[in-house]
Q: 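Structure incoming, see below.
No experiment lies behind these values; they were computed from the predicted model shown. Sequence lines set the chain letters: A, B, ... in the order given, protein chains first and strands last, and positions in each chain run from 1.
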Protein chains: 2
Amino acid sequence: MRQAHESEMAEDYVELIAELIEARGEARPIEIAERLGVKPPTVTKNISRLKAAGLVRRERYRAIFLTEAGQQLAESCRRRHRIVVAFLQLLGVDEETAERDAEGIEHHVSKTTLAAFERALEKC
Amino acid sequence: MRQAHESEMAEDYVELIAELIEARGEARPIEIAERLGVKPPTVTKNISRLKAAGLVRRERYRAIFLTEAGQQLAESCRRRHRIVVAFLQLLGVDEETAERDAEGIEHHVSKTTLAAFERALEKC
DNA sequence: TAGAAAATTTAGCCCAAGCTAACTTTTCAG
DNA sequence: CTGAAAAGTTAGCTTGGGCTAAATTTTCTA
């Protein structure tokens with residue numbers, strides 16, 4: 001069983017990198033640092049971990065891109081994130097809180113629970 | 001604003017200590033280690049952190065008890081835990097998965113979201 | 001009740017993820 | 001096209017939470 005078990009760090013980074021690439025065409029360390037509320041050296045270190053894990057492609061001083069594996073992980077994280085946020089809002093949670101809580105919750109939602117959220121969403 | 005901001009570690013420990021005290025009258029490091037899937041020295045270290053944080057009362061080589069603050073924290077954690085588990089089950093998630101997911105999710109559920117879960121539970 | 005077994009602690013290690021200070025590279029404006 | 005500003009990296013430190021091995025204390029049992 002190839003249970004990926006990527007860290008929350010990895011998930012947060014690839015998710016954000018995918019967003020930045022979509023919005024700007026590339027992901028820059030300084031933007032990642034700002035968005036994650038972290039300092040640039042921390043980003044440098046973590047990006048090199050993601051590179052070692054085969055999730056990003058990157059040359060020194062250049063922008064960051066996702067590998068195939070990174071894109072796949074990002075896609076499933078973003079999907080899960082959207083579902084969690086939508087589900088919380090369905091329950092009557094305001095958007096801001098839904099976003100904040102989802103960031104913490106999403107990493108702990110199993111396939112089973114995610115499916116349950118989707119069912120609830122379908123039932124309008 | 002006295003936002004406690006206890007760590008997940010602290011929450012997990014006081015929650016478990018409260019359970020053990022309820023079940024056995026006292027909480028022993030070795031039981032905590034087994035239940036949390038951690039080795040005894042880790043428990044020793046973390047218990048001394050909880051003591052420094054004013055959450056537990058404890059003498060060397062003796063059982064562990066909760067302070068007033070610890071009891072209050074444990075109570076709110078246990079309540080939140082029960083609500084999260086019940087809510088997941090209400091959605092059709094099996095008990096085992098609900099328990100497993102709740103352990104990760106509970107630490108990230110805001111008051112707002114918890115209230116939303118409760119509302120859903122009341123509506124049967 | 002003495003000695004073995006079980007429980008607990010101490011010492012010393014590791015790793016992830018954060019930081020600051022200082023340095024290097026890239027970018028941009030004049 | 002050059003030099004200052006911005007961006008990125010490196011080095012080295014810190015903290016939390018984990019581990020093993022070894023020492024110590026407590027608890028049983030013969």
Q: I need the B/E11 CD to B/E103 CD distance, nearest 0.5 Å.
A: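 Separation between the atoms: 12.5 Å.
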Q: Using whole Å, what does the distance between atom P of nucleotide D/dG17 and atom CG of B/D12 come to?
A: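 The answer, rounded to whole Å, is 10 Å.
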Q: Kindly point out which of D/dG17, D/dT25, D/dG8 is positioned nearest to the side chain of B/Y61?
A: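 For the B/Y61 side chain, the nearest candidate turns out to be D/dT25.
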Q: Can you list, by residue number, the residues of residues 24-42 of chain B that have a non-hydrogen atom closer than 4.0 angstrom to DNA chain C?
A: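 Heavy-atom cutoff 4.0 Å gives B/R28, B/P29, B/I30, B/P40, B/P41.
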Q: Identify whether A/L114 and B/L90 are in the same connected component of the hydrophobic contact network (ILVMFWY, side-chain heavy atoms under 4.5 Å).
A: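 Same cluster: A/L114 reaches B/L90 through Ile, Leu, Val, Met, Phe, Trp or Tyr contacts under 4.5 Å.
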Q: Which residue pairs pass the side chain to side chain donor-acceptor pair (under 3.5 Å) test when at least one of the two sits in residues 61-72 of chain A, sequence neighbours left out?
A: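 Applying side chain to side chain donor-acceptor pair (under 3.5 Å) to every pair that reaches into residues 61-72 of chain A, excluding sequence neighbours, yields nothing.
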Q: Which residues, if any, of residues 47-54 of chain A bring a heavy atom under 4.0 Å of DNA chain C?
A: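 Within residues 47-54 of chain A, the residues near DNA chain C are A/R49.
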Q: Roughly how far, to the nearest 0.5 Å, is the CG atom of B/L88 from the OG1 atom of B/T97?
A: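 Those atoms lie 9.5 Å apart.
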Q: Can a salt bridge be assigned to the pair A/E118 and A/R80 using a cut-off of 4.0 Å between side-chain N and carboxylate O?
A: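 Judged by the 4.0 Å cut-off on N to carboxylate O distance, A/E118 and A/R80 do not form a salt bridge.
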Q: For side-chain contact (heavy atoms from CB on, under 4.5 Å), just list the numbers for B/E26 and B/F65, CA-CA rounded to whole Å, side-chain angles, deciding distance to a tenth of an Å, and then say yes or no.
A: CA-CA 7 Å; B/E26 59 176 32; B/F65 299 94; 4.0 Å; yes
Q: Rounded to the nearest 0.5 Å, what's the gap from CD on A/E34 to CD on A/E31? Could you check?
A: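 The CD atom of A/E34 sits 6.5 Å away from the CD atom of A/E31.
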Q: Working to the nearest 0.5 Å, report the span between CG of A/L36 and CG of A/N46.
A: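 One finds 9.0 Å between CG of A/L36 and CG of A/N46.
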Q: Quick test of your reading: applying ring-ring contact (aromatic ring centres under 6.0 Å, His included), list the pairs with at least one residue in residues 104-124 of chain A, sequence neighbours left out, ordered by first then second residue.
A: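 ring-ring contact (aromatic ring centres under 6.0 Å, His included) check on residues 104-124 of chain A returns A/F87-A/F117, A/H108-B/H108.
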Q: Atom NZ of A/K45 and atom P of D/dT9: how far apart are they, to the nearest Å?
A: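 Going from A/K45 (NZ) to D/dT9 (P), I get 13 Å.
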Q: Who pairs with B/E15 by side-chain contact (heavy atoms from CB on, under 4.5 Å), at least two apart in sequence or on another chain?
A: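 B/C77, B/R78, B/H81, B/E106.
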Q: Assuming nearest nucleotide by heavy-atom distance, tell me which of A/A10 and A/R62 is located more 5' along DNA chain C.
A: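 By nearest-heavy-atom nucleotide position, the 5'-most residue is A/A10.
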Q: Could you list where the contact with chain B starts and ends along DNA chain C, reading 5' to 3', using a 4.0 Å heavy-atom cut-off?
A: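 Taking any atom under 4.0 Å from a heavy atom of chain B, the span is C/dA7 to C/dT10.
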